[in-house]
Amino acid sequence: IGMKVLPTKWVYKIKENERGEVLRYKARWVVKGYFQIYGVNFTDTYAPVARITSIRTLFSLVIHLHWEIHQVDVSTAFLYGLLEEEVYVHPPEGYSLPTGHVYKLVKSLYGLRQASAVWHSTLHDYLTCEMGFTSSTSEQCIYVRLIDNKATAYIGIYVDDILISASTPDEIQSIKDSLNSRFSTTDMGTVGWYLGIYVQRPAPGLMFLSQGNYINKLVEKFGLTDAKPVSSPLLPDISLTRDDCPADGSDEQLEMKTKPYRELVCSLLFLSVCTRTEIALPVSKLCRFLNNPGHTHWAAAKRVLRYLKGTPNYGLTFTDVGLPQLVGYSDASWGDTDHATGFLFMHGSNLISWATYGQISTANSSASAEYMALSDAARECVWLRRLLFELGCYPNGPTVINEDNQSAMKMTTNNGNHKRTKHIDIRFHTLRESVKRGIILIKYCPSNLMIADILTKTLSSKVFLRLRDLMGINEHHQQ
């Protein structure tokens, strides 16, 4: 036939619940897609998934609205999309065809490079054309149904895991029935385990997000079962730098190659972006040394895990307390070896977004560093405002971003101080435009109330624990 025939194989998986209990054993026939040739049997491969920030935003909205939120799993999701390209495959192991015969795929199959893109397009078309939902332009995988500019239902998608929330239980059931009429779905009921996050909903206006089971597995995996827990993830007097990296060919470098440093840090990174904001700073620092870590870096990574060992059941607490308005905190560190930007945003009292990373431009003063951090926070703020607006949560005036440096605050409105600001990259000055247009309002926040300090500075245990509480990271036990 003049076409490349792709090999296939069986993939086996054990699916577990939030407690690590076996739900079912799965066997899946997949294509070895790495044999595909671009332009011959595949073209487009991109398929979006919901950002974890968008999922937390959706959870916060549901808590304030006191809506139920359910979960649906689409069985064999990638098999629903129709292929546009000609794709031929060998039969799976254990099956045979007459000599000279192969399978021609009509629908997508797991392992194909375009499988995820075909599935997303199929689901998107059904939600928008058949069910009356609109995809958010800010987040393609969050869908909303609006009636008279008022949201009546939300859908969040991460590949084949679908979140459904609506103003009434009957509408939720109607959405489930519509999905099940087109796809084979498994009704998981009220959401309890989503993307590795344990979700508890003890009351309509209260939700807990934690990853205790995952933390306990990490502790066992990296041999810290008998280690002593610590009260903070990073010591205040420890500064992780490249000076701690071993020299090429040294005994230390050879020894570190036997340590699972990269695996541990990437596991901690997953926790830091999902539910454990307070370890974001040390994990961000540890990520800088993945290629050549030293003993100091390995000890610091294990200390973060020892901290988590003592707080496995801590996580984000979402409540309906306060107005469902966006509030931000921005901070920067300057004057030491690290120049870091850190910011976070609360929706009401619920922490939905945060980030910490090294500044790409070197600031020559603390005010410049804080100004650049504010600019990055402003970009996140604009995106969050647009997302909330599209989901029917309309902002009441400008969004407040709290800042503890008054010189940086003045720089957001004063264009005349050219000598002190002319070196700052022009992209940071979009902040001034947002302030001028009334999108953002910068307010002074005393340093002792600056929650974002936990994202830019190594703190004493006392200060660290106080800021952790202010962020809404509390202990809650799995039921």
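Qualifying ring-ring contact (aromatic ring centres under 6.0 Å, His included) partners for Phe183, counting only residues two or more places apart in sequence or in other chains: Tyr80, Trp119, Tyr126.
Relative orientation of the Tyr143 and His124 rings is tilted, given thresholds of 30° and 60° on the angle between their planes. By the 30° and 60° cut-offs, the orientation of the rings of Trp193 relative to Tyr198 is tilted.
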- Task: Begin with the C-alpha distance, continue with both residues' side-chain angles, and end with the deciding distance and a verdict on side chain to side chain contact (heavy atoms under 4.5 Å, CB included) for Ile238 and Thr458.
- Result: CA-CA 8 Å; Ile238 295 294; Thr458 53; over 6 Å; no

Set out, in order, the CA-CA distance, both residues' side-chain angles and the distance that settles side chain to side chain contact (heavy atoms under 4.5 Å, CB included) for Leu146 and Thr134, then state yes or no.
CA-CA 8 Å; Leu146 294 171; Thr134 301; over 6 Å; no

Side chain to side chain contact (heavy atoms under 4.5 Å, CB included) between Phe42 and Val87, intermediate numbers included: CA-CA 8 Å; Phe42 83 97; Val87 180; over 6 Å; no

Trace of the side chain to side chain contact (heavy atoms under 4.5 Å, CB included) decision for Thr317 with His476 = CA-CA 9 Å; Thr317 301; His476 26 82; 3.8 Å; yes

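Side chain of Trp383 to backbone of Ser138: a donor-acceptor contact under 3.5 angstrom is found. With hydrogens and angles disregarded, a donor-acceptor distance shorter than 3.5 Å links the side chain of Ser181 to the backbone of Ser178. Glu139 places a side-chain N or O within 3.5 Å of a backbone atom of Arg51 that can act as its donor or acceptor partner. Checked by atom type and distance alone, the side chain of Asn292 pairs as donor or acceptor with a backbone atom of Pro246 at under 3.5 Å. With Trp354 contributing its side chain and Ser272 its backbone, the two residues share a donor-acceptor pair below 3.5 Å. Judged by distance alone, the side chain of Tyr158 and the main-chain N or O of Tyr194 form no donor-acceptor pair under 3.5 Å. The closest donor-acceptor contact from the side chain of Trp10 to the backbone of Glu93 lies under 3.5 Å. Judged by distance alone, the side chain of Thr356 and the main-chain N or O of Leu455 form a donor-acceptor pair under 3.5 Å. Between the side chain of Thr128 and the backbone N or O of Phe133, no donor-acceptor pair lies under 3.5 Å. The backbone N or O of Thr185 sits less than 3.5 Å from a side-chain atom of Asn180, completing a donor-acceptor pair.
Atoms CD and CG, on Gln71 and Leu163 in that order, are 6.0 Å from each other to the nearest 0.5 Å. Distance check, rounded to the nearest 0.5 Å: CZ of Arg386 to SG of Cys381 gives 11.0 Å. Atom OG of residue Ser232 and atom CD1 of residue Ile454 lie 10.0 Å apart, to the nearest 0.5 angstrom. Distance NZ/Lys176 to CD1/Ile172: 6.5 Å, rounded to 0.5 Å. Here Ile401 contributes atom CD1 and Phe343 contributes atom CZ; the two are 9.0 Å apart, rounded to the nearest 0.5 Å. Here the straight-line distance linking atom CE of Met207 with atom CZ of Arg56 works out to 13.0 Å at 0.5 Å rounding.
Within 6.0 Å of the CD atom in Glu84, the count of heavy atoms belonging to other residues, nucleotides or ligands does not exceed 12. At most 12 non-hydrogen atoms from other residues, nucleotides or ligands lie less than 6.0 angstrom from NZ of Lys257. Counting heavy-atom neighbours within 6.0 Å of Lys32 NZ, excluding the residue itself, gives a total above 12. Annotation: Glu220, atom CD; neighbour count of heavy atoms from other residues, nucleotides and ligands within 6.0 Å does not exceed 12. Within 6.0 Å of CG on Leu323 lie no more than 12 heavy atoms contributed by other residues, nucleotides or ligands. Heavy-atom neighbours of Tyr95 OH from other residues, nucleotides or ligands within 6.0 Å: at or below the threshold of 12.
Between Lys309 and Leu224, the shortest heavy-atom distance links the atoms CE-O, 3.2 Å. When every heavy atom of His297 is checked against every heavy atom of Leu286, the shortest pair comes out as O-CD2, 3.6 Å. The minimum heavy-atom distance between Ala301 and Val265, with the atom names listed, is CB-CG2, 4.3 Å. Looking at every heavy atom in both residues, His64 comes nearest to Thr319 through NE2-O, 3.7 Å. In terms of heavy atoms, Leu179 sits closest to Leu123 at CD2-CD1, 4.4 Å. Across Ala373 and Gln359, no two heavy atoms sit closer than the pair N-NE2, 4.1 Å.
With a 4.5 Å cut-off on side-chain heavy atoms, Thr277 and Leu316 count as touching. Between Val30 and Lys9 there is a side-chain heavy-atom pair separated by less than 4.5 Å. Looking at heavy atoms from C-beta onward, Thr456 lies out of side-chain contact with Leu281 at the 4.5 angstrom threshold. In this structure, the side chains of Cys287 and Tyr357 stay at 4.5 Å or more apart for every pair of heavy atoms. In this structure, Leu65 and Ser167 have side chains that are not in contact, with every pair of non-hydrogen atoms separated by 4.5 Å or more. Thr275 is not listed as a side-chain neighbour of Tyr214, based on a closest heavy-atom distance of 4.5 Å or more. Side chains of Lys107 and Leu79 form no contact here, defined as non-hydrogen atoms less than 4.5 Å apart. Counting heavy atoms from C-beta outward, Arg276 and Glu278 have side chains that approach closer than 4.5 Å.
In this structure, Arg466 does not pair ionically with Asp469, as no charged nitrogen and carboxylate oxygen lie closer than 4.0 Å. Salt-bridge check for Arg113 with Glu85: failed, with every basic side-chain N at 4.0 Å or more from each acidic carboxylate O.
The ring pair (Phe, Tyr, Trp, His ring centres under 6.0 Å) pairs that include a residue from residues 303-330 are Tyr307-Phe464, where partners are two or more places apart or lie in different chains.
Just one residue in the list Leu388, Ile55, Ile352 forms a side-chain contact (heavy atoms from CB on, under 4.5 Å) with Ser60, and that residue is Ile352.
Residues His66 and Asp320 bring a donor and an acceptor atom of their side chains to less than 3.5 Å of each other. For the residue pair Thr137 / Glu390, a side-chain donor-acceptor distance below 3.5 Å is found, with atom types taken as modelled.
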